[in-house]
Amino acid sequence: MIETTTTTTTTTTSTIIIAPTATTSETSEIKHDNSLRTGFEITKEVEQFRNYENSEDRVSEAYKNSHTYQTYDYATEKKKQYSQLNTGITMGIWEAAELLNTIIDESDPDSNIPQINHCLQTAEAIRKVYPDSKYDWFHLTGFIHDLGKVLLSKKFKEQPQWATVGDTFPLGCKFDESNIFYDFFKMNPDYNDSKYNSECGVYKKNIGLENVTMSWGHDEYFYLVCIGNKCLLPKESLYMIRFHSFYPWHRHNKYTHLTNEEDEKMLHWVKEFNKFDLYSKDSEPVDVESLKPYYQTLISKYFPSELHW
């Protein structure tokens, strides 16, 4: 059984609280408070994270394409295609991580460094706050959570950014206004389709996120890789991997008409993961080689040596 008691540290901590609504700029939604502690050093003011109002054009363009082209039919087909894990590519976790050396997430206003740095920054922040070995699965989750972004690499024929990165959202039902760049959804064919634009759309109330078709991207893909290769990570980890980009749910408490009791139980861990994923981002590169032995040990504990992708 996974213990859910948070490990405490003596580190001087920053404090953040997230307000419940989203706009193109989320900077006004973050303010200092004693209710939530990160437990690790934040390298810039929290108000500067997820600031889409002052982001580069590449960011808004990525979301414009995502919100326009991510339809229920598209995501359903992609999930069916990639769940077979028959790309013909076999490689280990560390080899996949090295592919991230060449990848920049164009939807991210907070980072323009190779993704392997972000993965290790996230993992090391978690490791600082949860140092006990019983949380080694959490450390590893921080390292591997974005490995689905290998879809952007040449090895995977450089899939488009809009189909790989960015916040995720349910398809097959009404788009919630808490989604960032909401107005771009008005160009999506599903927006005016009566089959999909009611609150529950094609779903029954509280059907559970397991049964909801999410926008296709790196979260869903790597989740499929994990379960398809029978990894040994706990359910908490799999929820973090699959839903860490689902900001309307874990930040704004939306789409709860689709979630069930199990989802709400796991929400605590998704929220806990998010603060490390978001606030550990730093422009300074990580010493990858010095950290490699520790994470290779965890990889061998939870994954086979080679995976089908």
Side-chain angles (χ1 to χ4, degrees), residues 18-26 28-29 50 52-53 55 59-83 106-109 148 151 159-221 223-224 239 242-264 266-267 270-271 274:
I18 308 301
T21 56
T23 60
T24 303
S25 171
E26 296 193 339
S28 62
E29 300 174 28
R50 284 181 67 83
Y52 291 94
E53 192 170 80
S55 61
V59 176
S60 60
E61 186 65 21
Y63 276 100
K64 178 181 178 182
N65 289 330
S66 169
H67 292 1
T68 300
Y69 301 122
Q70 288 272 6
T71 65
Y72 179 78
D73 288 344
Y74 174 83
T76 300
E77 180 57 34
K78 284 297 180 181
K79 184 176 180 179
K80 179 181 177 181
Q81 174 189 346
Y82 281 98
S83 64
E106 293 182 0
S107 72
D108 189 347
L151 290 172
Q159 299 303 304
Q161 291 267 340
W162 63 264
T164 308
V165 298
D167 291 6
T168 57
F169 43 88
L171 293 161
C173 61
K174 183 179 180 180
F175 299 115
D176 190 88
E177 292 187 15
S178 64
N179 284 289
I180 202 69
F181 291 113
Y182 170 78
D183 284 345
F184 287 145
F185 284 118
K186 295 175 182 178
M187 296 183 285
N188 188 304
D190 290 355
Y191 182 83
N192 290 312
D193 191 324
S194 59
K195 185 166 58 174
Y196 303 130
N197 63 10
S198 63
E199 182 181 54
C200 288
V202 299
Y203 309 110
K204 293 181 180 179
K205 190 175 179 65
N206 301 121
I207 192 172
L209 294 179
E210 173 67 25
N211 302 301
V212 172
T213 297
M214 299 294 294
S215 54
W216 176 252
H218 71 280
D219 307 54
E220 187 72 15
Y221 176 55
Y223 167 75
L224 293 175
Y239 259 80
R242 193 177 193 184
F243 298 115
H244 68 270
S245 300
F246 187 12
Y247 275 82
W249 178 47
H250 64 68
R251 173 170 285 198
H252 305 301
N253 198 36
K254 301 299 183 180
Y255 293 103
T256 54
H257 55 285
L258 299 178
T259 59
N260 61 17
E261 186 176 343
E262 182 71 6
D263 298 326
E264 295 309 314
M266 292 294 110
L267 180 58
V270 178
K271 285 177 175 285
N274 176 249

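Atoms considered below: every heavy atom in the structure, side chains included; atoms not considered: hydrogens, waters and symmetry mates.
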Note to self: side-chain contact (heavy atoms from CB on, under 4.5 Å), that's the test. Do Met214 and Ser245 meet it? Break it down for me.
What the structure shows: CA-CA 11 Å; Met214 299 294 294; Ser245 300; over 6 Å; no
Next item on the list: Check the pair Tyr196, Val202 against side-chain contact (heavy atoms from CB on, under 4.5 Å), reporting the backbone distance first and the verdict last.
Entry: CA-CA 6 Å; Tyr196 303 130; Val202 299; 3.7 Å; yes
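Residues forming a side-chain hydrogen bond (donor to acceptor under 3.5 Å, both in side chains) with Thr213 (at least two apart in sequence, or on another chain): none. Every residue two or more places apart in sequence or in another chain that forms a side-chain hydrogen bond (donor to acceptor under 3.5 Å, both in side chains) with Tyr239 is listed here: Asp263. Lys64 pairs by the side chain to side chain contact (heavy atoms under 4.5 Å, CB included) definition with Glu61, Thr68, Phe184, Met187, not counting sequence neighbours. Not counting sequence neighbours, Asn65 has no partner by the side-chain hydrogen bond (donor to acceptor under 3.5 Å, both in side chains) test. In terms of the side-chain hydrogen bond (donor to acceptor under 3.5 Å, both in side chains) criterion, Tyr74 has no residue partners (sequence neighbours excluded).
Not one N or O on the side chain of His250 forms a donor-acceptor pair closer than 3.5 Å with the backbone of Asn274. Put simply, the side chain of His244 never gets that close to the backbone of Asp219: no donor and acceptor are under 3.5 Å apart.
In this structure, Asn206 CG and Glu264 CD are separated by 8.5 Å, a value rounded to the nearest 0.5 Å. Taken from CG in Leu171 to CZ in Phe175, the straight-line distance is 5.5 Å, to the nearest 0.5 Å. Atom NZ of Lys254 sits about 15.5 Å away from atom CH2 of Trp249, to the nearest 0.5 Å. Rounded to the nearest 0.5 Å, atoms OH (Tyr247) and CD1 (Ile180) are 10.5 Å apart. Between the CG atom in Leu267 and the CZ atom in Phe246 there is a gap of 10.0 Å [rounded to 0.5 Å]. Rounding to the nearest 0.5 angstrom, the gap separating the CE atom in Met266 from the CZ atom in Phe243 is 11.5 Å.
Of all non-hydrogen atoms in Tyr72 and Asp190, the two that sit nearest each other are N-OD2, 2.8 Å. Closest of all the heavy-atom pairs between Thr168 and Pro248 is O-CD, 3.9 Å. Counting all heavy atoms, side chain and backbone alike, Asn211 lies closest to Ile207 at ND2-O, 2.9 Å. Across Cys173 and Tyr255, no two heavy atoms sit closer than the pair SG-CE2, 4.2 Å.
Around the NZ atom of Lys174, the shell of radius 6.0 Å holds no more than 12 heavy atoms that belong to other residues, nucleotides or ligands.
Evaluation of the salt bridge (charged side-chain N to carboxylate O under 4.0 Å, His left out) test over residues 200-215, restricted to residues two or more places apart or in two chains, returns Glu210-Arg242.
Proximity of the aromatic rings of His67 and Phe169 is defined here by a centroid distance below 6.0 angstrom, and this criterion is met.
For the 3.5 Å distance criterion, the side chains of Ser178 and Asp176 qualify, holding a donor opposite an acceptor.
Under the 30°/60° scheme for interplanar angles, the aromatic rings of Tyr69 and Trp162 are found to be tilted.
Ser215 pairs with exactly one of Lys78, Glu220, Gln70 by the side chain to side chain contact (heavy atoms under 4.5 Å, CB included) rule, that one being Gln70.
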